[in-house]
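Residue numbers begin at 1 in each chain, while the letters A, B, ... track the order of the sequences.
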Amino acid sequence: MGWLDANLISVLNGFALAALLFLIAVGLSLVFGTMDVLNLAHGSLSLIGAYLGVALVGDGASIGAFVLAALLAAVVGALLGAALAAMTSAITDHLRQALLTLGVALIAADVLRELFGSDPERVSAPAALAGSVDVLGRPYPVYRLSVVAVAVVIGLALYYVLERTQAGAIVRATVADRGMVEAIGIRSQVVLLGVFGVGAALATLGGLLAGPVLGARPGLDSTVLLLALVVVVVGGLGSVRGALLGALLVGQVQTLGVSLLPGQASFLLFGAMALVLLLRPRGLLPSPYAHAGGHA
Amino acid sequence: MRRALVPGVVVAVVLVLVALPLFLTPYPISLVTRILAFGLLVVSVDLLTGVTGLPSLGQIAYFGVGAYTAGMVGVHVTDNLPVQLLAGVALAAVAALVTGAFVVRTSGIVFLMVTLAVGELTHRLADGLDAVGGSNGLAGIPPGTVLPGGEPLLIAGFVYWWVLAVFLLGMAVALVVSRSPLGRAMRGVREAEGRLPALGQRTYAIKLAAFVVAGAVAGAAGTAWTAQNRFVSPGDLAFSVSAIALLSVVLGGAGTLWGPLLGAAVVIVVRDELAAYVAGYGELLLGVLFVVAVYALPRGIAGSRLRRVPSVKPA
C-alpha cells in the first residue's frame, strides 16, 4: 500500500484526465469509424467548449448554470459537427480531409485568439463542487471525481445506444458496410450527420468540463488533438471500448508517468504509442465491425 | 506541359535560381533560402506520401538529425559545409534505417501515427538533451566554409548558393530514385501492394529502401537549414512543421515531387510574408488557403494543369 499511498493523487488525476480524454476522443473515433473522416479540427471543438466555459461560467457559477452551459456547449458542438460533416462529405481522400480539417483548425485557432486573447484563462469549478473530499486520507477535489462520474454515465449511455438500440445497430452497420446500409434503404448521409454531430457535441462538452482542470489557452487545441489521436489509435479506431482503454492508458502515462519519471512523460506517451502500434497495428481493442483496421 | 518542354523549363528555372542573388537584396534571398531547405524536406515527404503511398508525419525527425548533426559538427569539429552535409546525411540515413525497420511494417493511418510518434519523440529528445542545447537550442554554430581553410560564408548570397547546391543535389537524388526501378516498385507499393509479392518483389525491402532515401534527403534539408540559420532549436522540429510539410505535399499534388515544392513555396510565402500585411493572422491565412485548395484544386497545384497525374490514394 505504500506505493499507492505515495502516488494516490497521481493515479486519481490520471483517472480524471482519462475521463476527459475519453469524452473528447470517443467522438473522433466514431467519426473515423463511421464516416471514414479524419477530423483534425476535433481539438478546436473542445477548445471552443473550454472558451464557452470561460465566457459563461468562468468565475464559478452555481451548479445549475454550469449544467446549462454544458448543455449549450453540446448544442453548439452538434451544430459545428453538422457543418463539418457537410464540408467533408464530398471528400473521401484522407490526405485532403486532413488538409481541409487542419485548415479549419488553423482558422478557428486565430479566431479564438482574437476573441479571447493569448493569455491562458482559468475556469472555476461550480461552487457546489469546488471543495475536496477525503480519499484514503488525502484531500481530493470533488470536481475531478464528478468529471469521472459524468464520463462513466455518458460512456455507459453511449455503449447502450450503440449496442442495444436500433439506431446503434444502424451505426454499427454503417461502420461495417456503408454500401449495404444504403442498399436496404437507409440514407447513410443522415447516419453520418448524426454521428458527427454527437461526436462533436461530446468534444465541446468534454472541453467545457476540462476547463476547471486544464484551463483554456491558445495551443490547447493541438495538445488535445494529439492526445486524442494517440488515445484513438492506441485503443483502436471506431471503437468505444478502445477509446476508453486508450484514454485510461494515456491518462495514467500523462499523470503517473510525470510523477514517477519527471521530464519523460511525453517521451513515454509517444514511445508507448509506437510500441502498441508495432505490436498491434489495429490498436488494443479495435472495433469488431470495422472491416479494415490498418487501412487508410 | 508537353514532355519535350520539360528539360528546357528545368534548365531555365535552375538558371534563374542561380542568378537570384545578383538581383535580389539579402532579405528576399533569405526567404528563398528558407523555401529551398523546407522544400527539400517536403520533397522527402512526397517520396513517401505521394510516390510510395505511405503518408508520413515523421520526416521532421530525419530533418532534425541532419540539422543537429550539422550544427554539432560545426561547433565541435569543423566549419566545413560539405563535411557537415555528409555527416548529416549519413546519420539521418542510419536513423531512418534503424527506425524504418520497424515503421515500414505498418501502412495507412497507422503509418501516419507511428511516424508522428517518431517525429514527436525526436522533438522531445532534442528538447531534453543538454548536449545539443536542450530547450534553448543549439547556438554558436560558426559560419561555414565550402573549401577546407577557405573564407567563411557570411554574405546571404553565398549561403544561398550553398543551400541551392544542397537542394539541387537532394532534388536530383529524389528524381533519379523516383525514375529508377526502385521508384517504379515504390509506385507499385502505392497502387497495389498485395500484388508485388506475386511478381517476386519484396515490399518490405522496397518500403525500407524508400524510407532510407527519404530520410537521407530530409537529412540533407536539415543541414541546409542549419547552414542558413546557424541555429537549431527544438521548435524547428515541432508537430506543426511536420503537419505543414505533409499539407504542402497535398496542396502541391502528391507524387509529382515538383508540385509539392511549389506547395512548400506557397505555404512559406503565405505564412511568413503575406502575414506581415495582416499582422498576426498568418495561421488564419494558411487555414483559408488549405480550405480553398481542397475545393478549388482537387488534385493539387500540379494536378490542375497536367492530365497524366496518377490518382493519389494512400494504400
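Proximity to chain A is absent for every atom of B:Phe111, based on heavy atoms less than 4.5 angstrom apart.
Here the CE atom belonging to B:Met113 is positioned 7.5 Å from the CZ atom belonging to A:Phe270, to the nearest 0.5 angstrom. The structure places CZ of A:Arg96 at 11.5 Å from CG of B:Leu251, a figure rounded to the nearest 0.5 Å. Atom CG of residue A:Leu279 and atom CZ of residue B:Arg105 lie 11.0 Å apart, to the nearest 0.5 angstrom. Atoms CE and CG, on A:Met273 and B:Leu116 in that order, are 5.0 Å from each other to the nearest 0.5 Å. Of the inter-residue distances, the one linking A:Arg113 atom CZ with B:Leu284 atom CG reads 10.5 Å to the nearest 0.5 angstrom.
Interface summary for chain A: among B:Ala293, B:Ser240, B:Ala243, B:Ala117, the most heavy-atom pairs under 4.5 angstrom belong to B:Ala117.
A 4.5 Å side-chain heavy-atom check between A:Met87 and B:Tyr295 finds at least one atom pair inside the cut-off. B:Leu246 is listed as a side-chain neighbour of A:Leu95, based on a closest heavy-atom distance under 4.5 Å.
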What side-chain donor-acceptor pairs closer than 3.5 Å can you find for residues 125-137 of chain B, not counting sequence neighbours?
none

Do any side-chain atoms of residues 97-107 of chain A form donor-acceptor pairs under 3.5 angstrom with protein atoms, and if so which ones, sequence neighbours left out?
from	atom 1	to	atom 2	distance (Å)
A:Gln97	OE1	A:Leu38	N	3.2
A:Gln97	NE2	A:Asp36	O	3.2
A:Gln97	NE2	A:Ile91	O	3.0
A:Thr101	OG1	A:Leu38	O	3.4
A:Thr101	OG1	A:Leu40	N	3.0
A:Thr101	OG1	A:Gln97	O	2.8

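No more than 12 heavy atoms of other residues, nucleotides or ligands lie within 6.0 Å of CZ in B:Phe102, so this atom counts as exposed by the packing criterion.
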